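The structure appears below as structure tokens.
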Amino acid sequence: MSKEITPRAQDYSQWYNDLVIKGSLADYSAVRGCMVIKPYGFALWENMRDVLDKMFKDTGHQNAYFPLFIPKSLFEAEEKNAEGFAKECAVVTHYRLKTDPNNKGKLIVDPEAKLEEELVVRPTSEAIIWNTYKGWIQSYRDLPILVNQWANVVRWEMRTRLFLRTAEFLWQEGHTAHATKEEAVIETKKMLEVYADFVENWMALPVIKGVKTANERFAGAEDTYCIEAMMQDGKALQAGTSHFLGQNFAKAFDVKFSDKNNNLEYVWATSWGVSTRLIGALVMAHSDDQGLVLPPKIAPLQVVIVPIFKGDEQKAAIDAKVNVMMAELKALGVSVKYDDSDNARPGWKFAEHEMKGVPVRIAIGARDLEQNIVEVARRDTKEKANASIDGIGLHVKNLLDEIQQNIFNRAKAFRDDHISEANTWEEFVQLLDTKAGFISAHWDGTPETEEKIKEQTKATIRCIPLDNKQEAGTCILSGNPSTQRVLFARAY
RNA sequence: CGGGAUGUAGCGCAGCCCGGUAGCGCACACGUCUGGGGGGCGUGGGGUCGCAAGUUCAAAUCUUGUCAUCCCGACCA
């Protein structure tokens, strides 16, 4: 099996695909735009999911599950939301197949099994959830509702890419209902902080927190907050969003509550989500030409031990030492696998585990036993060093922490190095073509100008950073006055 | 949805122009020597050539249609 990875510098896009496929994260499937997430990739997702799930619960949320299908009449209730997603919806129109009378062994859609009302396969669940909340909420005492669901959604995208944009993807979507605007805004921002915390401290990916412009806002939201990450080609990737939905959905679904003074008020809403797209971000941000580089804190496997031996006698001696090391590592909460299969030679295993981004590799052979040492190799820098078997557990645990930190620092240094300021249109255009990354520039605040910039350069406003410094300036395109810089970039 | 490409063994590909016994590498099985960076040698198994029509004595190869996937663009998390 050829396992060469296309070099990043040669073809970034192909490099990414190779990493996903050859790193055993996912496969193409028989369905256009849909992927199979393989066990290794799913283990990664499970780790991410588990951490996030705990964070959600720690902030007072509960999990629930809502249907995959949304009756069309409910889906269209919130007009902007419906419009925004309409052109990428899969729709169920029939509920039965039958054998084709003209073609034995084949099935056709039974024309007599047409649904009275079409069912939309959810591209997002606000509609079905707010229709449900209507029945849950009468009084301020019923609020807030803090619910999250882990689910799959379908968006019939024209062009798909593994993890980054698939027709079906896994995600979580939080949907909360509040008595006051202030409370909903606080929730929106709180969840953005949770996402930023997770992405930075677990995925080792630095992000910029900000708010979207009207053009880039979620369909149906009053405000969309986001975290933006930078990939190794300098392009931006939206890593998570948290929406303040105002009373839009409450009004669309007539969800009112009696406040303390017995006044009927519409409920305030938020929604927030991250998806398997984060895996794409992870892959693109940290990996190299040898394969994946995974942050230890969410890697499916943190340590792999490879024995190097000749004959059963040596193997037995190595096994004995490895068992001790394994126990020590496991006691410290480190996940470790002993790759002692005799199917592949050590060199092959080294390459394979590098491909899959296992953070630490320990090699142990007969000559190491004599000196009571092992060879410890770290994936992020590919450095190898000998370490004493005594105290190996703590040594490796510390190394994992160091790798986690190093990966983050490296990504942050790259990111910071690729944020530039542009003060004129010429500078802006030149920067885009010569130095990919974020460009901090003045913008007059109008959707028209934003649109023109996008048309001419394909760069969009990724966000207006939170706590942005206010400074007087002139818009790079229109020359009109501006009060602050915003971040532009070409994006995924 | 526009443009480009590709469907032949589990994977990656050649063969097609010029129709005539379906091939190569990797993987797989067995044996053997090996083992500190993707091993060597030997033997062996595995394919209705995406699908459907057509032309022909004969189609992986020519014609028409069809389906699917990938890549690039516009749209989007």
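Throughout, protein chains are lettered first and strands after them, A, B, ... in sequence-line order, and every chain is numbered starting at 1. No experiment lies behind these values; they were computed from the predicted model shown.
Among the atoms of the strands shown, base atoms are found under 4.0 Å from some heavy atom of A/Glu157. A/Lys382 comes within contact range of no nucleotide atom at all, as no heavy-atom separation falls under 4.0 Å. Nucleic acid contact for A/Phe218: none, since no nucleic acid atom lies under 4.0 Å from a heavy atom of the residue. A/Phe309 comes within contact range of at least one nucleobase, with a heavy-atom separation under 4.0 Å. If you check every strand for non-hydrogen atoms under 4.0 Å, A/Ala366 touches a base. Residue A/Leu164 is in base contact, counting any heavy-atom pair closer than 4.0 Å across all strands shown.
Not a single side-chain contact (heavy atoms from CB on, under 4.5 Å) links A/Val324 to another residue, sequence neighbours left out. Contacts of A/Arg122 classified as side-chain hydrogen bond (donor to acceptor under 3.5 Å, both in side chains), with partners at least two apart in sequence or in another chain: A/Tyr65, A/Asn152. For A/Val51, the side-chain contact (heavy atoms from CB on, under 4.5 Å) criterion is met by A/Met55, A/Phe198, A/Trp202, not counting sequence neighbours. Applying the ring-ring contact (aromatic ring centres under 6.0 Å, His included) rule to A/Tyr195 yields no partners; only residues at least two apart in sequence or on another chain are considered.
Comparing B/C13 with B/A29, their C1' atoms sit 23 Å apart, to the nearest whole Å. Separating the C1' atom of B/A52 from that of B/A68 is a span of 14 Å, rounded to the nearest Å. Using atom P as the reference point in both B/G10 and B/G38, the two lie 29 Å apart (nearest Å). On the P atoms, B/C1 is 26 Å away from B/U8, given to the nearest whole Å. When the C1' atom is compared between B/G45 and B/G31, the two are found 15 Å apart, to the nearest whole Å. Taking atom P in both B/A27 and B/G40, one finds a spacing of 8 Å when rounded to whole Å. Only the P atoms considered, B/C17 is 15 Å distant from B/G7, to the nearest whole Å. When the P atom is compared between B/A58 and B/C16, the two are found 22 Å apart, to the nearest whole Å.
Using the Watson-Crick or G-U wobble rule with both distances under 3.5 Å, B/U32 pairs with B/G40. The pairing partner recorded for B/U56 is none, the criterion being a Watson-Crick or G-U wobble arrangement whose two distances lie under 3.5 angstrom. Base pairing of B/A9: no nucleotide in any strand meets the Watson-Crick or G-U wobble criterion (both distances under 3.5 Å). Partner assigned to B/G46 is none, using Watson-Crick or G-U wobble distances below 3.5 angstrom. Within the shown strands, nothing qualifies as a pairing partner of B/U61 under the Watson-Crick or G-U definition with both distances less than 3.5 Å. Across every strand in view, B/G73 sits in a pair with B/C1 that passes the Watson-Crick or G-U test at under 3.5 angstrom. Nucleotide B/C16: unpaired (no Watson-Crick or G-U wobble partner with both distances less than 3.5 Å).
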### Message
Working note: A/Thr6 + A/Asp11, criterion side-chain hydrogen bond (donor to acceptor under 3.5 Å, both in side chains); need CA distance, chi angles, decisive distance, verdict.
### Response
CA-CA 7 Å; A/Thr6 305; A/Asp11 184 342; over 6 Å; no
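The ring pair (Phe, Tyr, Trp, His ring centres under 6.0 Å) analysis of residues 351-393 of chain A, with sequence neighbours excluded, yields no pairs.
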### Contact letters for nucleotides 66-73 of chain B, in which S counts primed atoms plus P, OP1 and OP2 and B counts the base, heavy atoms under 4.0 Å
---SSSBB
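Judged by atom type and distance alone, A/Arg367 reaches the base of B/G36 through a side-chain donor-acceptor pair under 3.5 Å. Looking at A/Lys349, its side chain has no donor and acceptor atom pair within 3.5 Å of the base of B/G35.
Between B/G37, B/G35, B/C75, one nucleotide has an atom nearer to the side chain of A/Arg345 than all others, and that is B/G35. Taking every side-chain heavy atom of A/Asp342 into account, B/G35 is the closest of B/G37, B/C75, B/G35. For A/Lys87, the side-chain atoms get nearest to B/C75 when compared with the rest of B/G35, B/G37, B/C75.
The distance from atom CG of A/Asn343 to atom P of B/G35 is 18 Å, rounded to the nearest whole Å. Separating the CZ atom of A/Arg378 from the C1' atom of B/G37 is a distance of 19 Å, rounded to the nearest angstrom. Per the geometry, CG belonging to A/Asp27 stands 11 Å off C1' belonging to B/C11, to the nearest Å. Rounded to whole Å, atom P of B/G36 lies 9 Å from atom NZ of A/Lys310. We find that CE of A/Met355 is positioned 9 Å from C1' of B/G38, with the value rounded to whole Å.
Sequence order on RNA chain B of the closest nucleotides to A/Phe350 and A/Gln238 puts A/Phe350 first from the 5' end. Taking for each of A/Phe85 and A/Val374 the nucleotide of RNA chain B with the nearest heavy atom, the 5'-most of the two is the partner of A/Val374.
For the salt bridge (Lys or Arg N to Asp or Glu O under 4.0 Å) with A/Glu354, the lone residue among A/Arg379, A/Arg361, A/Lys382, A/Lys384 that qualifies is A/Arg361.
Note on A/Lys54 versus A/Asp50: no salt bridge recorded, every NZ/NE/NH1/NH2 to OD/OE distance being 4.0 Å or above. In summary, A/Lys452 and A/Glu448 do not engage in a salt bridge, as defined by a charged side-chain N under 4.0 Å from a carboxylate O.
For the pair A/Lys212 and A/Phe218, the cation-pi test (distance below 6.0 Å, angle within 45°) is failed.
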